Amino acid sequence: DGHWGGSLELIEEQTFTTTQFVDFTSIQESKFDVHLLQFFITECTGALITQISNNGGSSFIATNYQRASSYGSVGGTFAADASTSTTSIADFGSGGTNLGKNGYVYFYKLGNSSYSFLTHQSFNEHPSLGHYMSFGSGAYPTAEIHNAIRLSALTGICTGSAKLYGLKKV
């Protein structure tokens with residue numbers, strides 16, 4: 001009924017057309033330990049990434065993230081990607097004209113003075129691989145409060161929608 005711990009509370013929904021990034025700056029990080037970001041991208045002409053902010057979204061951290069992802073195409077090709085110093089906490093791969101991406105990201109401990117981290121899963125379209133799935137995790141290993149989330153086309157633009165939820169505490 002929405003009053004029990006563990007249920008989702010919608011914080012914000014955004015619909016966007018031909019934009020490079022979508023910012024969620026009122027994430028209620030002191031209220032929620034866990035956030036869920038769902039995205040439904042109908043077209044993204046560049047790599048889709050996620051970054052976090054420690055100053056309310058005035059700027060977004062663009063260095064020193066750690067992440068690892070695995071990818072698998074419908075043709076049976078599998079690969080992995082990992083970095084200990086990169087520009088985004090999650091990377092959902094490249095895109096192209098009329099190519100979409102759908103997925104979700106769970107963010108943990110954004111409002112705590114500790115490391116923030118995430119897990120993600122997505123289903124994507126790629127110009128040469130066709131359809132593929134990705135899953136992985138990421139972290140920002142600096143103990144501080146993070147209070148904004150950015151979903152961004154690294155280069156290019158995206159069209160679609162995104163919803164940010166908070167997971168109610170038990």
Side-chain angles (χ1 to χ4, degrees), residues 12 14 16-27 29 34-73 77-97 99-129 132-164:
E12 185 178 0
Q14 295 190 42
F16 44 93
T17 303
T18 61
T19 188
Q20 185 177 7
F21 55 85
V22 177
D23 293 343
F24 292 90
T25 57
S26 299
I27 68 169
E29 71 281 354
V34 179
H35 291 79
L36 169 63
L37 176 65
Q38 295 177 323
F39 57 89
F40 313 93
I41 309 295
T42 56
E43 180 177 12
C44 193
T45 60
L48 184 65
I49 64 167
T50 304
Q51 296 174 320
I52 55 178
S53 172
N54 58 10
N55 61 13
S58 294
S59 62
F60 286 82
I61 300 164
T63 60
N64 298 322
Y65 292 105
Q66 299 175 352
R67 69 168 193 247
S69 297
S70 292
Y71 307 90
S73 74
T77 302
F78 292 87
D81 175 43
S83 176
T84 57
S85 182
T86 187
T87 60
S88 64
I89 195 166
D91 182 340
F92 305 102
S94 61
T97 304
L99 299 180
K101 300 173 183 307
N102 298 300
Y104 61 87
V105 183
Y106 278 100
F107 293 89
Y108 304 94
K109 297 189 173 198
L110 294 177
N112 295 335
S113 294
S114 62
Y115 293 179
S116 294
F117 60 100
L118 63 76
T119 59
H120 67 83
Q121 187 166 349
S122 65
F123 184 75
N124 313 285
E125 294 177 294
H126 188 274
S128 61
L129 296 175
Y132 71 98
M133 63 82 186
S134 70
F135 63 92
S137 61
Y140 186 68
T142 299
E144 62 188 16
I145 291 174
H146 298 109
N147 48 21
I149 298 168
R150 172 173 278 180
L151 185 63
S152 173
L154 185 58
T155 59
I157 55 171
C158 292
T159 297
S161 64
K163 295 179 182 181
L164 181 66

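Nothing here was measured: the structure is a model prediction, and the numbers come from that model. Below, all heavy atoms of this structure are taken into account, side chains as well, without hydrogens, waters or symmetry copies.
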Do Thr87 and Phe60 come close enough that some side-chain heavy atom pair is under 4.5 Å?
no
Using modelled atom types and a 3.5 Å cut-off, is there a donor and acceptor pairing between side-chain atoms of Glu125 and backbone atoms of Gly100?
yes
Thr119 backbone acceptor or donor facing Ser137 side chain under 3.5 Å
no
Hydrogens and angles aside, do Ser88 and Arg67 bring a side-chain donor and acceptor to less than 3.5 Å of each other?
yes
Side chains of Asn124 and Ser122: any donor to acceptor distance under 3.5 Å?
yes
Does a side-chain heavy-atom distance below 4.5 Å link Tyr115 with Lys109?
no
For Tyr65 and Gln51, indicate whether the former's side chain and the latter's backbone hold a donor-acceptor pair under 3.5 Å.
no
Residue set satisfying side-chain hydrogen bond (donor to acceptor under 3.5 Å, both in side chains) with Gln20, at least two apart, ordered chain then number -> none
Sub-4.5 Å side-chain heavy-atom contact between Ile61 and Glu144:
yes
So, does Gln14 use its side chain to make a donor-acceptor pair with the main chain of Asp23 at under 3.5 Å?
yes
Specify whether Phe92 and Phe39 have parallel, tilted or perpendicular ring planes, treating 30° as the upper limit for parallel and 60° as the lower limit for perpendicular.
tilted
Counting only N and O atoms by type, is there a donor-acceptor contact under 3.5 Å from the side chain of Ser69 to the main-chain atoms of Asp81?
no
Classify the ring geometry between Tyr106 and Tyr104 as parallel (under 30°), tilted (30 to 60°) or perpendicular (over 60°).
perpendicular
Heavy-atom distance under 4.5 Å between the side chains of Asn147 and Ser53, does that happen here?
yes
Hey, does the side chain of Ser152 reach the backbone of Ile49 with a donor-acceptor pair shorter than 3.5 angstrom?
no
For Ser116 and Tyr140, indicate whether the former's side chain and the latter's backbone hold a donor-acceptor pair under 3.5 Å.
no
Flag, side chain of His35 to backbone of Leu110, donor-acceptor distance under 3.5 Å
no
